[in-house]
Amino acid sequence: MPNSPEPSETILILGGTREAADLAREWVAANPEARIITSLAGRTREPAPLAGELRTGGFGGVEGLARYLRETGVTRLIDATHPFARQISANAMEATRIAGVPLDIRTRTPWVRQPGDDWIEVETLEAARDAIPPNARVLLALGSQHISQFAVRDDVHFVVRMIDPPDLPLELPGHALILGRPGDTPAVETMLLIAHSITHIVCRNSGGKAAYAKIEAARELGLLVIMVGRG
Ligand code: NAP
């Protein structure tokens with residue numbers, strides 16, 4: 001049996017975002033001779049299907065990633081991770097330096113306040129928690145690891161949305177849990193905000209299109225957004 005030809009390029013995309021999945025699809029379509037590998041940390045139980053190859057799980061720090069780059073013959077690393085995933089981005093920078101592999105940084109730029117946006121911008125989740133007025137009804141658009149910080153606000157009704165059910169019950173008194181991805185359109189998000197009588201949104205300034213519909217919906221409804229910046 002003839003050996004399969006060497007790939008023209010081997011590209012590793014550090015993913016976990018919609019943009020990374022889009023990139024993989026574009027690269028696979030445009031470069032059929034290249035090997036395109038997307039790497040996921042493995043946090044989401046059922047990630048959406050991806051074009052090209054998939055590998056899952058941590059590399060074992062900078063050294064592990066540098067080793068993977070060398071052993072796999074990666075010719076370019078693309079960092080398309082979430083902008084708040086800081087450790088892997090720092091590791092990517094150092095590992096590509098060690099392995100002598102070019103790094104292409106494609107992390108999103110933050111959202112910028114638009115006319116009609118009513119934002120309180122804060123640096124930390126603690127500051128976001130403290131900025132919520134008494135008796136508010138808050139859409140808490142954060143990962144499960146950040147939720148417990150809000151537990152002391154037992155005067156607030158929280159609506160929490162997450163993709164996967166949490167492993168343990170959320171440490172949050174009086175909350176509603178919505179399982180699912182963010183709505184694609186402001187109309188879908190507006191319906192959710194109205195249905196739950198939301199008065200405030202707490203979220204991080206992650207940028208990108210995937211989670212922006214709630215910001216547009218808040219603008220439309222005149223709701224206050226407590227926006228945690230990247231520090
Ligand atoms: P992080 O704090 O920067 O990374 C922690 C460790 O997880 C890294 O040191 C690495 O382990 C492993 N890791 C992270 N991303 C990886 C990837 N794409 N492939 C392989 N290993 C990865 O990251 P995080 O904030 O936990 O985010 C994890 C993943 O979820 C990222 O891929 C990110 O794009 C996605 N995500 C994050 C957020 C968020 O709010 N942070 C939101 C949406 C999606 P080793 O050191 O062992 O290599």
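Side chains included, hydrogens not; waters and symmetry mates left out as well; all remaining heavy atoms used. As the structure lists them, so they are numbered: ligands from 1, and atoms in each ligand from 1.
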Original post:
Cationic tip of R129 within the cone over F150's six-membered ring, i.e. under 6.0 Å and within 45° of the normal?
Top reply: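 Not flagged: R129 not positioned over aromatic ring of F150.
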
**OP:** Could you tell me which residues satisfy side-chain contact (heavy atoms from CB on, under 4.5 Å) with R55, sequence neighbours excluded, listed by chain and number?
**Re:**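 Result, side-chain contact (heavy atoms from CB on, under 4.5 Å) vs R55: I37, S39, F59, Y68.
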
**OP:** Specify the protein heavy atom at minimum distance from atom 2 (O) of ligand 1: its residue, its atom name, and the distance to 0.1 Å.
**Re:**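 Checking every protein heavy atom, the shortest distance to atom 2 (O) of ligand 1 gives Q87 CB, 3.8 Å.
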
Any [X] heavy atom less than 4.0 Å to ligand 1:
X: G15; result: yes
X: G61; result: yes
X: S89; result: no
X: L40; result: yes

Original post:
Looking at ligand 1, does any of its N/O atoms fall within less than 3.5 Å of an N/O of G60?
Top reply: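 N/O-N/O distance below 3.5 Å exists for this pair.
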
**OP:** With heavy atoms of S39 as the reference, note each atom of ligand 1 found under 4.0 Å away.
**Re:**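 So the atoms of ligand 1 that pass are 17 (C), 18 (N), 19 (N), 20 (C).
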
Subject >> Where ligand 1 meets A85 - atom numbers and elements under 4.0 angstrom, heavy-atom basis >> reply: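 Listed by number with element, the hits are 3 (O), 23 (O), 24 (P), 25 (O), 27 (O), 33 (C), 41 (N).
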
**OP:** Mind checking whether R86 contacts ligand 1 via backbone (N, CA, C, O), side chain (CB onward), both or neither, at a 4.0 Å heavy-atom cut-off?
**Re:**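 The answer is the backbone.
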
Subject >> R55 and ligand 1 - part of the residue with a heavy-atom distance under 4.0 Å >> reply: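 Looking at R55 and ligand 1, just side chain atoms fall under 4.0 Å.
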
Original post:
So, T75 and T10: side-chain donor and acceptor under 3.5 Å apart, yes or no?
Top reply: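 Note: T75 and T10 side chains miss the donor-acceptor criterion.
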
